[in-house]
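For clarity, every value in this text was computed on a predicted model and none was experimentally measured.
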Amino acid sequence: MLRKSYPYYLANLAVKGKAKLDVIDKYTGEVATRVALPDAAALDQAIEAAHDAAGAMRRFKPYQRQAVLEHCVARFRERRDELAYTLCVEAGKPIGDSAGEVTRLIETFKIAAEEAVRINGETLNLEISERSAGYHGYTRRVPLGPVAFITPFNFPLNLVAHKVAPAIAAGCPFVLKPAERTPLGALIMGEVLAETDLPRGAFSILPMLGRDAEPLVTDPRLKMLSFTGGLVGWDLKAKAGHKKVTLELGGNAACIVDGDQGHRLDAVVDRLVFGAFYQSGQSCISVQKILAHDDIHGELRRRLVAKIRTLKAGDPKKKSTFLGPMIDENAAMRLEGWIAEAKKAGAKVLCGGGRKGAMLEATLLEDVAPGEKLQRMEAFGPVALLQRFSRFDEALGMVNDSDFGLQAGVFTDNLRHAMRAWDELEQGGVIVNDVPSFRVDNMPYGGVKSSGLGREGVRYAIEDMTDVRLMVIRNN
């Protein structure tokens, strides 16, 4: 279903280009297709085109933006199978999960279509003292201007959608650099956007190498940078000058299982295993730490190990496959090394730990020392740690003992514990009675501490991509 080659998109137009970027089938390791590789001149042209299109996009009416987004929803539905297969090949994501991500792509654009005509201002009461008697205030939200997006490999449809769809709804032209290892989904989006009547220069999609994309960070013609990826995001922020910056930089999410969960451990285990090993753990909100109360620790451990051992690993194109490859062999080797370091420091491997190429077994460890990389850093792979606690406040402290703070999960029937977790956990989101891996695309999503800055979620992204313009009227 893949073509021999794909163009990039410059100022709404497909460009075949000369240089080619290989896209690797992440399971077979073979070249699946090639995409045109833009050069520095193309990037400068894209930024200039976005800058020039700012006025036209600002005048592009909300109902017109909505129509563009609705066209995308319809076309993505028509191309659902193509998008899922493409994602399966370029990211190594099992085909069932790939289909699920296409659904989220469609939902994100649908939400944005609805929000495009709900970008409202407010009326302000300025008569708060004698000095301002007779004055009335009004606000409206206006597009910020041209924006830059940099997205990662792990959700090459949905994470792109969370930048592109709000930008169109807000009326902002954009330049997008998708991950060079997974560019195809974004380019198919470009093909669909090129079918619409967006003003010329409204979008460019350039699958460049990371080292060539610095102008997206430093060029003052761009008014905002939205970056999803690793901790290098903080370095990009330092280079971004006066532009607005939002960052989503990952985490090492923990999930607390309270002592009152013995009556439904099977359901809890199902969700923990999904949260830890879905997409081979290559998710910013993958369950990396499982904190189990003393009362249920032993039985939870037994059931976790049994469940993990049933996971089918292999070819992601087969519907029965749950665990596919990591993005490449180097990523699997890195995590294999972290497991070995933890074992040397006294950790026990309860199951998994083996590697063949980019395939790393679903792995559960216990007694991992506090200073180990698996405790302190983002694993971003199919590895989870099991720890025990005696008091609920002790578990909250264990979750907060992290440089990250994206989302946390808490399984409990105790309302006081749930509310205390919401009050005390230093996280962007607390998910009660489910894993931290849960996300719906209209909710605010983002973290604190090293996990980033700002919030995704369509309405919240639109707010970031718009500015408030005030008008004050004095009644004479």
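- Of the charged side-chain nitrogens involved, at least one lies within less than 4.0 Å of a carboxylate oxygen, so that Arg79 and Glu82 count as a salt-bridged pair.
- The side-chain contact (heavy atoms from CB on, under 4.5 Å) test applied to Leu470 returns Leu124, Thr139, Val472, not counting sequence neighbours.
- With sequence neighbours left out, Ala148 forms a side-chain contact (heavy atoms from CB on, under 4.5 Å) with Leu216, Leu222, Leu225.
- With respect to Phe411, the side-chain contact (heavy atoms from CB on, under 4.5 Å) criterion is satisfied by exactly one of Ile256, Ile431, Leu291, Leu272: Leu272.
- Residues satisfying the ring-ring contact (aromatic ring centres under 6.0 Å, His included) criterion with Phe76, sequence neighbours excluded, are Phe109.
- Residue pairs meeting the salt bridge (Lys or Arg N to Asp or Glu O under 4.0 Å) criterion with at least one partner in residues 241-251, sequence neighbours excluded, are absent.
- Under the salt bridge (Lys or Arg N to Asp or Glu O under 4.0 Å) criterion, the residue pairs touching residues 156-182 are Lys163-Glu456, Lys177-Glu180, Arg181-Asp328, with sequence neighbours excluded.
- Contacts of Arg200 classified as side chain to side chain donor-acceptor pair (under 3.5 Å), with partners at least two apart in sequence or in another chain: none.
- Taking SG of Cys88 as the reference point, atom NZ of Lys93 lies at 10.0 Å (rounded to 0.5 Å).
- Note that CG of Asp81 is 11.5 Å distant from OG of Ser98, once rounded to the nearest 0.5 Å.
- Counting heavy-atom neighbours within 6.0 Å of Arg3 CZ, excluding the residue itself, gives a total above 12.
- A distance of 8.0 Å separates CD in Glu90 from CD1 in Ile327, rounded to the nearest 0.5 Å.
- When the side chain to side chain donor-acceptor pair (under 3.5 Å) test is applied to Asp403, no partner is found at least two apart in sequence or on another chain.
- The side chain to side chain donor-acceptor pair (under 3.5 Å) search around Asp434 returns Arg271, not counting sequence neighbours.
- Atoms OH and OG, on Tyr8 and Ser204 in that order, are 9.5 Å from each other to the nearest 0.5 Å.
- Residue pairs satisfying the salt bridge (Lys or Arg N to Asp or Glu O under 4.0 Å) criterion with at least one member in residues 49-73, sequence neighbours excluded, are absent.
- At least one side-chain heavy atom of Leu206 sits less than 4.5 Å from a side-chain heavy atom of Val175.
- With respect to Glu372 and Arg376, no salt bridge is recorded, no charged nitrogen being found less than 4.0 Å from a carboxylate O.
- Contact between Trp338 and Ala379 at its shortest, heavy atoms only, is CZ3-CA, 3.8 Å.
- Listed by chain and residue number, Leu425, Glu426 satisfy the side-chain contact (heavy atoms from CB on, under 4.5 Å) test with Asn400 (two or more places apart in sequence, or in another chain).
- In this structure, the ring of Tyr445 has its center no less than 6.0 angstrom from the ring center of Phe438.
- The ring-ring contact (aromatic ring centres under 6.0 Å, His included) search around Phe389 returns His293, not counting sequence neighbours.
- Residues passing the side-chain contact (heavy atoms from CB on, under 4.5 Å) test with Asp44 are Arg221, sequence neighbours excluded.
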**Report entry** side chain to side chain contact (heavy atoms under 4.5 Å, CB included) evaluation trace for Tyr9 with Leu187
**Finding:** CA-CA 7 Å; Tyr9 285 84; Leu187 295 175; 4.3 Å; yes
